[in-house]
Amino acid sequence: MQTPIRALAAATLALTTLAAQAAPSTVVPPTVQLGPRPFFLVDDMADGALKTALQACAASRKAYTRHDFAIGHRGAALQFPEHTRESYIAAARSGAGIVECDVVFTRDKQLVCRHAQDDLHTTTNILATPLAAKCVKPFTPATFDGAGNLLTPASASCRTSELTLAEFKTLRGKMDGYNPKARNVAEYMAGTAGWRTDLYSGPTSGTLMTHAESIELFKQLGVKMTPELKYPAVAMPFDGFTQEAYAQKLVDEYKAAKVPPARVFPQSFYLPDVQYWVKNTAYGRQAVYLDDAETVADLPSAAELAGYKAQGINIVAPPTFALLTTDAAGNIVPSQYARDAKAAGLDIITWTLERSGILADGGNGFYYQSFDSAIKREGDMLLVLDVLAREVGIRGIFSDWPATPAFYANCMK
């Protein structure tokens, strides 16, 4: 039997937990908490007019608000396990006006939030649970030669389509990553990049969500929504579930939740998905066609961009490198693709900020490939944002830590 004090404490904890689950908007007021990161980036900038303007804003502004320019990429994935309730709330608290749920389906054809249908082995704890037996490819440890050199990396593949929704909901999200040199499951799961953190990946967090649950959460948080329909890792139709039915089911869940089309930006890398929404749903007006170019040479031509507009597509979303290049003096400037997209009458969203680790080390990879020569320090991230916002004219940017573009938007837009 509990003492009165323990009983009161237990009741208070239960009520507090229920209140937090039922009304997350109470912990996400209209003003947001940016934390120190944006201000660190300002201080790290090279001297110039932009730094002066941002410093003046930081010194004088009393409060910051959410802004649609800042899109929470998988939530706030720099610090929180992606596509979890905790990550989504962190994104809203740090200034995202729009938050993303990447949409895949389970074995019983229920829509859930995961970056890919086959990423459970790197984004959840599935390998440490009995559900590991259902993985399409079980964990295989790394092998080494006699001198300790890696011969074959550790591997696994676990799909949402192998699990029922009930089974999926028993898992916990973790920071995306794996250790290719792992000899066992524990080592394999310990693969978080050094510039991220596991502080918010404990056993009581990492709450996985269905797509419908994300919609209700986003409504309570007061943010707009950008679901990405992920192309399946399994052959379609899947047990009679066609690609068109998959695209329609995504839209139907917004209709059922009475979310108006103006608050939703459905997106896909698969052009037929976007075409389907444009032709068959009211949500197609803000449908976003994601560009999967790996290099500048892969980008569509001016004629292809004009063709998208002619089909009724209004928004394109290329990776950041597609929109920027450098001039003869080494300055960051809009690319030919950026000029062509604007000339075609297309709005532009881009991805992804704060997903490349330390910038001052150089060699910043995929997102910076067309202008990396101009990146010298962490503060240059705000220079990149400024060119994207003021010269390219992007509508918004995905970020793993949306406080940074939210800060910029509050001060400069």
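Position 1 is the first residue of the sequence; numbering continues from there.
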Q: Return the minimal non-hydrogen interatomic distance between Ile126 and Leu171, and the atom names on each side.
A: CA-CD2, 3.8 Å
(Q) If you count every heavy atom of other residues, nucleotides or ligands that lies below 6.0 Å from Lys342 atom NZ, does the total exceed 12? (A) yes
**Q.** Nearest non-hydrogen partners of Ala287 and Trp277, listed with the distance
**A.** CB-CE3, 4.1 Å
Q) Should we count CZ of Arg390 as having more than 12 external heavy atoms under 6.0 Å? A) no
Q. Under 30°, 30 to 60°, or over 60°: which ring-plane class applies to Tyr64 and Phe407, parallel, tilted or perpendicular?
A. tilted
Q: Show the numbers, then the answer: is there a salt bridge (charged side-chain N to carboxylate O under 4.0 Å, His left out) between Glu391 and Arg339?
A: CA-CA 10 Å; Glu391 298 185 45; Arg339 294 193 293 271; over 6 Å; no
Q: Give me the one residue out of Met175, Arg114, Arg74 that meets side chain to side chain contact (heavy atoms under 4.5 Å, CB included) with Thr123.
A: Arg114
Q | For Ile348 against Ala338, the heavy-atom pair lying closest together | A | CD1-O, 4.3 Å
Q: State the CG-CG distance between Asn410 and Leu34, to the nearest 0.5 angstrom.
A: 7.0 Å
Q. Do NZ/NE/NH1/NH2 and the carboxylate oxygens of Lys134 and Glu167 come within less than 4.0 Å?
A. yes
Q. Hey, are the side chains of Ile89 and Leu217 touching, using non-hydrogen atoms and a 4.5 Å cut-off?
A. yes
Q) Which atom names give the shortest non-hydrogen contact between Gly284 and Val278, and what distance separates them? A) O-CG2, 3.6 Å
Q) So, for Ile397 and Pro405, which heavy atoms are closest and what is the spacing to 0.1 Å? A) CG2-CB, 3.8 Å
Q. CG of Leu127 to NE2 of His121: how many Å apart, nearest 0.5 Å?
A. 8.0 Å
Q | Donor-acceptor pair between Lys174 and Thr124 side chains, under 3.5 angstrom | A | no
Q: Could you pull out all residues at least two apart from Ser301 that satisfy side chain to side chain donor-acceptor pair (under 3.5 Å)?
A: Glu304
(Q) Pair Asp119, Thr122 - check side-chain hydrogen bond (donor to acceptor under 3.5 Å, both in side chains), show working. (A) CA-CA 6 Å; Asp119 73 357; Thr122 64; 5.2 Å; no
Q.
Under the criterion side-chain contact (heavy atoms from CB on, under 4.5 Å), I'd like the reasoning laid out for Glu100 against Phe265: C-alpha separation, chi angles, the key distance, then a yes or no.
A. CA-CA 9 Å; Glu100 177 189 45; Phe265 298 82; over 6 Å; no
Q) Given side chains that start at C-beta, do those of Phe366 and Glu294 come closer than 4.5 Å, heavy atoms only? A) yes
Q: Take Asp198 and Thr192, measure what side-chain hydrogen bond (donor to acceptor under 3.5 Å, both in side chains) needs, and give me the verdict at the end.
A: CA-CA 7 Å; Asp198 288 316; Thr192 303; 2.8 Å; yes
Q) Any side-chain heavy-atom pair from Thr160 and Phe168 closer than 4.5 angstrom? A) yes
Q | Donor on one side chain, acceptor on other, Thr152 and Thr143, under 3.5 Å | A | yes
Q: May I ask you to check whether Phe80 and Tyr200 place their ring centers less than 6.0 Å from one another?
A: yes
Q. In this structure, are over 12 heavy atoms from other groups packed under 6.0 Å from Lys255 atom NZ?
A. no
Q) Applying salt bridge (charged side-chain N to carboxylate O under 4.0 Å, His left out), which residue pairs with at least one partner in residues 217-242 are found, sequence neighbours left out? A) Asp68-Lys224, Lys109-Asp239, Glu216-Lys219, Glu228-Lys230
Q: Give a yes or no on whether the ring-centroid distance for Phe269 and Tyr231 is below 6.0 angstrom.
A: no
(Q) Assess, by modelled atom type and distance only, whether the side chains of Gln369 and Thr295 contain a donor and an acceptor separated by less than 3.5 Å. (A) no
(Q) Is the distance between the ring centroids of Tyr254 and His211 under 6.0 Å? (A) yes
Q: List the steps, then state whether side-chain hydrogen bond (donor to acceptor under 3.5 Å, both in side chains) holds for Thr210 with Gln110.
A: CA-CA 8 Å; Thr210 67; Gln110 300 302 302; over 6 Å; no
Q. Does a side chain donor of either Arg285 or Asn314 reach within less than 3.5 Å of an acceptor in the other side chain?
A. no
Q) Any side-chain heavy-atom pair from Val104 and Leu111 closer than 4.5 angstrom? A) no
(Q) Could you check whether any side-chain heavy atom of Cys158 comes within less than 4.5 Å of a side-chain heavy atom of Asp118, counting everything from C-beta outward? (A) no
Q) Between Arg196 and Asp400, does at least one N-O distance fall below 4.0 Å, as a salt bridge requires? A) yes
Q.
For a side-chain contact (heavy atoms from CB on, under 4.5 Å) check, start with the C-alpha distance between Asp291 and Val316, then their side-chain angles and the critical distance, and finish with the verdict.
A. CA-CA 7 Å; Asp291 196 302; Val316 290; over 6 Å; no
**Q.** Mutual orientation of the aromatic rings belonging to His83 and His115 [parallel < 30°, tilted 30-60°, perpendicular > 60°]
**A.** parallel
Q) Is Trp195 close to Leu78 at the side-chain level, that is, under 4.5 Å between some pair of heavy atoms? A) yes
Q | Asp380 (side chain) donor-acceptor with Leu383 (main chain) under 3.5 angstrom | A | no
Q: Please report the C-alpha distance between Tyr276 and Gln248 in whole Å, then the side-chain angles of each, then the deciding distance to 0.1 Å, and finally whether the side-chain hydrogen bond (donor to acceptor under 3.5 Å, both in side chains) criterion is met.
A: CA-CA 8 Å; Tyr276 179 87; Gln248 184 63 49; 2.7 Å; yes
Q. Any salt bridge between Arg395 and Asp347, counting N to O under 4.0 Å?
A. yes
Q.
Applying side-chain contact (heavy atoms from CB on, under 4.5 Å) to Met412 and Leu54, what does each step give before you reach the verdict?
A. CA-CA 8 Å; Met412 305 298 293; Leu54 291 173; 3.7 Å; yes
(Q) Quick check on side chain to side chain donor-acceptor pair (under 3.5 Å): which of Gln286, Arg263, Gln267 does Thr226 satisfy it with? (A) Gln267
Q. Please, which pairs that meet side chain to side chain donor-acceptor pair (under 3.5 Å) have at least one residue in residues 34-43, sequence neighbours excluded?
A. Arg37-Glu354
Q: Step by step, work out the ring-ring contact (aromatic ring centres under 6.0 Å, His included) result for Tyr367 and Phe321.
A: CA-CA 5 Å; Tyr367 298 105; Phe321 77 79; 8.3 Å; no
Q) So do Ile375 and Leu359 actually touch side chain to side chain, heavy atoms under 4.5 Å? A) yes
Q | For the student: nearest non-hydrogen atoms of Ala76 and Ser87, plus distance | A | N-OG, 2.8 Å
(Q) Within this structure, what is the CG-OG distance for the pair Leu385 and Ser399, rounded to the nearest 0.5 Å? (A) 8.0 Å
(Q) Taking Thr197's backbone N and O only, do any of them form a donor-acceptor pair with Gln79's side chain (distance below 3.5 Å, no angle check)? (A) no
Q.
Take a 6.0 Å sphere around OH of Tyr283 and say whether it holds more than 12 heavy atoms from other residues, nucleotides or ligands.
A. yes
Q | Chi angles and distances behind the side-chain contact (heavy atoms from CB on, under 4.5 Å) call for Val333, Leu324 | A | CA-CA 6 Å; Val333 295; Leu324 300 174; over 6 Å; no
Q. Hey, does Thr326 have a side-chain heavy atom less than 4.5 Å from the side chain of Asn331?
A. no
Q: Mind telling me whether Tyr368 and Phe371 have parallel, tilted or perpendicular rings, with 30° and 60° as the class edges?
A: tilted
